Amino acid sequence: MAAEMRIVLRNADQINPDKIEDYVQAGGYKALEKARSMARTDLIAEVKKSNLRGRGGAGFNAGMKWSFVPEAPVKYVVCNLDEGEPGTYKDRTIVEKDPQRLLEGMAICGHAINSNQGYIYCRGEYPYVVDLLRRAIDQARSSGVLGDFNIEVRMGGGAYVCGEETALIESIEGHRGEPRFKPPFPGVSGLWDKPTVVNNVETFANLPDIVMRGGAWFASIGTPSYPGTKVLTLTGDVVNRIPIEVPTNTTIREVIFDFGGGIRGGKKFKAVQIGGTSGGFIPESLLDTPIDADSMRNIGATLGTGAVLVMDETRDIIDIVTRISKFFEHESCGKCNPCREGTFRAYEIMKKINKGQAAPADLDKLALLSRVMTKACLCGLGQAAPGPILTTMEHFKAEYQARLQI
Amino acid sequence: MATIQDIINSYKDKPGGIIEAYHAVQREYNYLPEEAVEYAARVFGISAAQAFGVATFYSYLSVAKRGQYIIRMCESAPCHIAGADILIKTFEDELGIKVGETTADGKFTLELTECVGQCQGTPVITINSMPYVDMNPEQVPAVLALCK
Ligand SMILES: Cc1cc2nc3c(=O)[nH]c(=O)nc-3n(C[C@H](O)[C@H](O)[C@H](O)COP(=O)(O)O)c2cc1C
Ligand code: FES
């Protein structure tokens with residue numbers, strides 16, 4: 001059986017997350033010390049070499065992102081703890097179990113890009129995480145481990161789109177959380193128009209180990225093109241609904257049947273949606289795919305946030321996709337037309353199909369609309385929203401056909 | 001209870017602090033009274049329209065008066081398949097109000113929410129932001145009884 005491998009969750013349940021002493025005793029803040037003894041360019045080169053790719057969904061090489069940041073008097077390090085993708089609870093788990101690890105990771109990034117101000121944007125639904133983080137920051141500050149690096153926590157307001165990095169920046173600035181046009185990318189002009197690195201919690205949390213053990217060590221774990229581990233959060237009709245951390249060459253089948261313990265109630269597997277509510281639906285025939293981002297993309301799915309929503313044989317795919325369409329209709333920020341109108345129409349057509357009132361032409365319209373949105377929407381919200389529709393039309397076509405009015 | 005003005009003033013010097021100020025007001029008052037939004041507009045130097053634009057963009061913030069206990073029910077896909085619909089119906093029946101409404105005594109407000117990040121225990125509700133996981137309809141009266 002495949003085994004867990006813990007990097008970001010190494011200290012989970014081993015230390016008291018509310019005591020910085022525990023973290024330091026477990027080797028914490030040694031990596032920051034080491035990083036600070038390195039030249040910035042060497043530190044960035046090491047992270048680049050690790051091939052650590054962003055764990056927030058887009059999978060961009062973290063060291064590469066940092067290397068684009070120009071010299072400037074003021075720069076920011078921003079941690080994305082918005083975690084709005086349904087089915088996902090990994091960043092909460094990482095922070096609740098080991099908040100100092102995140103702070104250390106951010107400070108390492110601060111040294112790499114020469115910034116002394118960090119922000120953690122934590123979703124409003126996690127006020128208890130905000131409290132924990134503020135206590136952790138106080139402890140880190142008074143024990144002096146962060147040096148001149150400051151970290152402030154800002155609270156989100158329950159808008160999914162604010163997980164998108166430029167919308168998140170707008171929100172920290174105190175505005176409506178609408179995405180900006182890119183370029184310029186945040187690395188060049190982000191928070192208050194200053195160069196800003198935005199990374200996910202899990203991305204930062206990997207840094208202490210990469211610094212301590214070297215980029216080559218990290219690059220050798222899991223799938224070479226997307227190395228390391230990934231924290232996955234299991235939910236739905238799976239026996240063990242738990243967070244796990246596994247090497248990225250672990251297959252979906254291992255995730256569901258070994259770690260997840262299989263399907264609840266002795267039922268059969270029907271589908272799994274990975275990466276959150278914008279992820280693709282995956283049928284039984286593709287379960288031997290490794291979870292790394294590239295392998296997932298090759299089967300038309302995503303790794304995304306690593307949410308794993310398992311559905312048993314009794315589940316109604318059309319009803320679930322209809323519910324998902326409502327999510328996007330609700331969460332579209334309305335800034336760009338293809339998303340604002342597209343998510344509305346997609347939900348409308350899905351409701352019609354779900355009620356058994358749709359004709360074959362409606363499916364064609366839905367497919368066309370979905371393809372247009374994928375290309376024309378301003379940000380990842382609208383671009384990814386059709387994913388569940390397109391993948392279920394492909395893999396569960398019969399369920400759509402069976403609902404049509406003939 | 002701190003006044004709205006005092007709360008908002010304490011965020012005056014924080015760049016982009018209006019949302020933090022709103023959260024702080026809401027922690028005390030459970031919603032954003034109109035005067036809070038108008039006062040915030042003045043303090044942060046934006047128009048009242050912009051201040052309302054910010055307040056109404058975020059679903060976690062409410063410009064409508066709400067009850068003492070805000071019950072939010074997650075209806076995202078994982079909670080949906082775990083029976084969120086029945087749970088919602090049970091709360092509505094038990095409280096005699098519909099989603100979006102507040103009981104006549106001002107005690108409870110029922111709201112829907114998207115995923116609150118507790119999907120290991122679907123279906124999930126939150127009461128004043130504290131999660132209650134693995135809810136089943138039979139537990140609803142007991143959970144309501146916790147709200148004194
Ligand atoms: C609609 C939308 C929601 C997103 N939500 C999140 C989120 O909750 N957390 C996150 O880390 N990234 C989220 N992202 C991705 C961010 O835009 C960004 O790519 C990421 O924070 C970069 O960090 P990483 O490279 O470390 O993954 C979202 C993107 C989109 C388009
Ligand atoms: S889906 Fe309901 S808490 Fe995540």
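Below, read A as the first sequence line, B as the second, and so on, with proteins coming before strands; counting in each chain starts at 1. Here the structure is a predicted model, which means the values were calculated and not measured.
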Most contacts with chain B, counted as non-hydrogen pairs under 4.5 angstrom, among A/Gly156, A/Gly84, A/Ala307, A/Gly334: A/Gly156

Which atom of B/Ile19 lies closest to which atom of A/Met155, heavy atoms considered: CG2-O, 3.8 Å

B/Gln118 vs A/Arg92 side-chain heavy atoms within contact, under 4.5 Å: yes

B/Met130 versus A/Tyr128, closest heavy-atom pair with distance: SD-CD2, 4.1 Å

Non-hydrogen atoms of A/Thr235 and B/Pro78 that approach each other most closely: OG1-CB, 3.7 Å

Exercise: identify the closest heavy-atom pair between B/Ala77 and A/Ile320: CB-CG2, 4.3 Å

NZ/NE/NH1/NH2 to OD/OE distance under 4.0 Å, A/Arg323 and B/Glu114: yes

Side-chain (B/Ser76) to main-chain (A/Pro86) donor-acceptor, under 3.5 angstrom: no

Portion of B/Glu75 that has a non-hydrogen atom of chain A nearer than 4.5 angstrom: both

When A/Thr233, A/Thr277, A/Asp319, A/Leu234 are compared by non-hydrogen pairs under 4.5 Å with chain B, the top option: A/Asp319

Residue selection (most heavy-atom pairs with chain B, distance under 4.5 Å) from A/Lys326, A/Met311, A/Glu83, A/Glu85: A/Lys326

A/Glu178 side chain reached by B/Phe57 side chain, heavy atoms, under 4.5 Å: yes

Greatest number of heavy atom pairs closer than 4.5 Å to chain B - which of A/Gly158, A/Ala159, A/Gly177, A/Cys162: A/Gly177

Check: A/Arg154 and B/Lys14 side chains under 4.5 Å, non-hydrogen atoms: yes

Donor + acceptor pair across side chains of A/Ser171, B/Tyr58 (<3.5 Å): yes

Heavy-atom pair of closest approach, residues A/Asp237 and B/Ile81: OD2-CD1, 4.1 Å

Backbone of B/Cys119 reached by a side-chain donor or acceptor of A/Arg241 within 3.5 Å: no

